[in-house]
Trainee: 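Pasting in a structure now, in structure tokens, and then I'll have a few things to ask.
On a predicted model such as this, the values are computed, not experimentally measured, just so you know.
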Amino acid sequence: MYQDLVDISIKIRKISLQLGSPISTPEVIVVGSQSSGKSSVLENILKRDFLPRGTGIVTKVPIRIQLTNSGKPNSLPFVIFQHQPKKIFYDFEEVHSEILKETQERTSNGAIVDDPICLNLNAPDVPNIILVDLPGLTKNAVKDQKEDVPLQIELLVKKYLKNKNCIILTISESTQEIVNSVSIKLSKEYDQKGERTLNVLTKLDLMERGTDVCDILNGEVIKNGKGFIPVINRSQKELKRGITYQQLIKKEKHFFQNHPSYCDISDKCGNEYLIKTISKLLAEKIQKSIPTLKNETEKLLLKVKKSLSSYENPFEITEGSKSGMMMLIFTKYVKEYSKLIEGNSNQCSNPKKLIGGARIYHSLQTKFTNIILKIKSNNKVKIEEIRKLLRNHSGYRSYLFNPEICFEILVKKKIEQFIKPSQNCVYLIYNELLSIFDSIKCNELQFFPQLKLEIKAVTKKFLKTLIKPTQNYIEQLILVEMSCIDLSNHNFFVDEKININLINKNKNAKKSRKRKPQRKGNDNSYISKNKNGQSNEELKDLETMPKEIKSLSKMNQNEEYIINLIQNLVKNRLNVITVKIVDSVIKTIVHFIINKSKTDLLFELVQNLYSEEKVSILLKESNTIIQQRENAKQMFQQLNNAKILLSDIAKQFF
């Protein structure tokens with residue numbers, strides 16, 4: 001009965017870990033100070049030597065060991081690590097090396113880490129229990145260790161002791177004052193009633209002659225938990241000499257049976273009695289946990305059942321129905337895509353983020369529009385550019401009023417800057433559509449991964465074919481706007497008072513301008529003059545001109561008026577054209593990409609994937625899904641059996 005309880009507990013824990021919902025099942029937590037013989041006691045229970053040994057802190061992470069009795073006397077013992085589930089270790093030297101390697105990887109900075117190394121020891125001579133080996137308690141950090149390492153270890157141990165489902169196994173040296181045992185002190189802190197604590201005394205064979213621990217065993221010195229069990233461990237010399245566990249047991253029995261203080265209680269001493277007591281305590285703990293285990297089992301059953309239903313293929317596909325199934329999947333896929341675009345999908349009910357068509361709307365109406373408006377506002381017409389254009393197009397003559405050609409050049413130059421961002425917007429929508437396709441939830445496709453990959457590839461290829469025509473059309477639209485700057489449009493002169501304001505400004509400037517007084521006399525009279533009265537410096541300046549004239553002379557009244565007029569006309573014309581271009585680009589993208597993808601995608605899928613040769617290949621069920629379904633079935637069966645067994649046991653005890 002006890003063995004069945006332990007087996008059930010182990011199975012339930014294993015399944016809960018696989019489902020990602022670990023439950024707290026009873027296990028044995030081993031706590032002791034460094035050099036207290038903790039590792040030796042554990043190896044006596046394991047009957048094998050593979051745990052870390054040495055001076056200082058060698059156990060830096062918890063080691064969770066699940067012991068499973070194979071039930072076959074002649075079977076080879078082996079170990080399987082949780083981080084390497086496909087590799088079986090038969091050599092325990094390799095097991096030792098693997099533990100050291102994993103410890104090094106998980107504690108590269110030298111700290112104590114709560115990242116357990118989990119392994120399963122399957123052997124014919126071990127009990128069915130779960131042991132957790134924790135780092136040894138210490139008071140001081142040694143060389144190359146952080147000062148807070150002792151505190152880190154204590155906090156880690158306390159974390160495990162808080163689990164009320166665990167059995168606490170304290171390890172203390174008989175050669176030290178038991179009242180100073182840190183492990184016993186911690187166990188009392190978390191198990192005040194002593195219902196789940198068992199204490200072990202080590203190194204009895206190293207005590208001075210004439211001394212014993214009978215007062216401790218009788219509870220005269222300290223009372224704690226379920227009492228104390230004295231054991232004998234192998235010394236370091238004996239380990240080097242290769243003393244086996246069987247030889248140790250013989251030595252241990254001889255010691256207790258022939259010792260004057262322990263001969264009367266020898267049947268309650270030693271490692272064999274310790275293993276039996278641990279198994280019994282664990283079984284009793286599991287027995288008390290039956291109602292909880294039963295509830296947890298039922299919860300896990302529901303979770304596995306739900307998982308199993310998701311793996312069950314609801315489609316009974318025959319050779320004759322494969323073509324119809326393919327068309328059904330295509331139609332459902334395209335329909336769900338359209339729903340996401342239009343905002344009719346169930347996924348659109350998510351209030352936390354924008355989905356599908358909402359993201360496209362934001363991309364076009366907000367992101368793209370803001371970029372175009374920013375380009376328009378950042379590219380103000382510079383006065384110097386206008387002046388040079390006016391000069392260039394007037395040739396060697398002075399100009400009175402010739403702004404038309406300059407106006408057109410400036411407007412076209414600004415409009416041309418809209419081409420690139422407008423074309424880039426096509427790629428923006430292309431990527432958004434790909435994201436929408438990736439988010440499509442079509443249950444049928446999870447069973448046919450090859451079909452899912454092919455549909456994705458065809459969809460991506462189809463969308464790519466829409467990019468270039470859309471970009472070309474957008475470019476032509478903007479070039480059309482550049483081809484003819486219509487000055488007759490009533491929207492062009494947004495402010496009808498532009499000319500009047502400029503003329504008034506011109507008149508006011510003329511009135512306010514005062515006549516500069518003529519200079520009497522010549523300040524530069526010292527410069528030598530030629531016979532015509534011209535200075536030599538003036539003649540020299542007229543001989544050459546700079547390659548590039550960077551600045552012009554000061555503007556006159558007429559030039560200032562024309563430049564102000566052109567600036568205002570360009571600004572108003574750009575306002576009209578910008579609105580028109582933004583509207584046209586958005587409509588073009590909607591028509592050529594979004595609407596076309598909704599109407600033509602089904603045809604593309606049928607044309608590329610719908611054939612007799614491809615149907616059988618694409619509708620082949622995933623091996624992963626098949627394996628997951630089998631695993632779910634096995635877990636369901638195991639949990640169901642555990643539930644039945646727990647119910648039967650509960651009837652006997654409750």
Trainee: Test Leu433 against Ser435 for side-chain contact (heavy atoms from CB on, under 4.5 Å), laying out the working first.
Mentor: CA-CA 5 Å; Leu433 291 178; Ser435 298; over 6 Å; no

Trainee: Can any side-chain N or O of Ser75 pair as donor or acceptor with the backbone N or O of Gly71 at less than 3.5 Å?
Mentor: no

Trainee: Check the pair Thr68, Asn120 against side-chain hydrogen bond (donor to acceptor under 3.5 Å, both in side chains), reporting the backbone distance first and the verdict last.
Mentor: CA-CA 7 Å; Thr68 304; Asn120 184 359; 3.2 Å; yes

Trainee: Between Lys288 (side chain) and Ala283 (backbone), is there a donor-acceptor pair under 3.5 Å?
Mentor: no

Trainee: Nearest 0.5 Å please: distance from the CD1 atom of Ile581 over to the CD1 atom of Ile415.
Mentor: 5.5 Å

Trainee: Distance check, rounded to the nearest 0.5 Å: Lys587 atom NZ versus Leu477 atom CG?
Mentor: 11.0 Å

Trainee: Residues in side chain to side chain contact (heavy atoms under 4.5 Å, CB included) with Ile278, at least two apart?
Mentor: Val28, Ile45, Ile129, Leu169, Leu198, Leu274

Trainee: Under 4.0 Å between a side-chain nitrogen and a carboxylate oxygen: does that hold for Arg48 and Asp125?
Mentor: yes

Trainee: Tell me which one of Ile586, Ile589, Leu428 satisfies side chain to side chain contact (heavy atoms under 4.5 Å, CB included) with Phe368.
Mentor: Ile586

Trainee: Return yes if some donor-acceptor pair links the side-chain N/O of Gln152 with the main-chain N/O of Ile112 below 3.5 Å, else return no.
Mentor: yes

Trainee: Can you name the salt bridge (charged side-chain N to carboxylate O under 4.0 Å, His left out) partners of Lys464, sequence neighbours left out?
Mentor: none

Trainee: Test of understanding: with side chain to side chain contact (heavy atoms under 4.5 Å, CB included), list the residues that count as partners of Leu119, not counting sequence neighbours.
Mentor: Phe50, Ile63, Ile65, Val79, Phe81, Ile99

Trainee: Just to verify, what does Asp49 make a side chain to side chain contact (heavy atoms under 4.5 Å, CB included) with, not counting sequence neighbours?
Mentor: Glu43, Arg234, Leu239

Trainee: Could you check Val606 against Phe603 for side-chain contact (heavy atoms from CB on, under 4.5 Å), going step by step and ending with a plain yes or no?
Mentor: CA-CA 5 Å; Val606 172; Phe603 173 77; 5.8 Å; no

Trainee: Glu342: which residues meet the salt bridge (charged side-chain N to carboxylate O under 4.0 Å, His left out) condition with it, sequence neighbours left out?
Mentor: Lys598

Trainee: Taking Arg64 first and then Asp133, would you say they form a salt bridge - that is, a charged N and a carboxylate O separated by under 4.0 Å?
Mentor: no

Trainee: Less than 3.5 Å apart, any donor N or O on the side chain of Tyr190 or Asn163 sitting next to an acceptor on the other?
Mentor: no

Trainee: Do Tyr337 and Thr459 get their side chains close enough for a donor-acceptor pair, meaning under 3.5 Å?
Mentor: no

Trainee: Hey, could you give me the CD1/CE distance between Ile329 and Met327, rounded to the nearest 0.5 Å?
Mentor: 11.0 Å

Trainee: Just by modelled atom types, is the Asn128 backbone N or O under 3.5 Å from a matching donor or acceptor in the Gln66 side chain?
Mentor: no

Trainee: For the side chain of Thr369 and the backbone of Leu364, is there at least one donor-acceptor N/O pair under 3.5 Å apart?
Mentor: yes

Trainee: Please list all pairs meeting salt bridge (Lys or Arg N to Asp or Glu O under 4.0 Å) that have one or both residues in residues 74-102, counting only residues at least two apart or in different chains.
Mentor: Glu98-Lys101, Lys101-Glu105, Glu102-Arg106

Trainee: Distance check, rounded to the nearest 0.5 Å: Asn122 atom CG versus Lys72 atom NZ?
Mentor: 9.0 Å

Trainee: Where is the tightest heavy-atom contact between Gln347 and Ile355, given as atom of each residue plus distance?
Mentor: O-CD1, 3.0 Å

Trainee: Counting only N and O atoms by type, is there a donor-acceptor contact under 3.5 Å from the side chain of Glu27 to the main-chain atoms of Leu131?
Mentor: no

Trainee: Check whether Asn608 reaches the backbone of Val458 with its side chain - one donor and one acceptor, N or O, closer than 3.5 Å.
Mentor: no

Trainee: Considering the options Phe437, Phe330, Phe448, which one meets the side chain to side chain contact (heavy atoms under 4.5 Å, CB included) requirement together with Ile455?
Mentor: Phe330

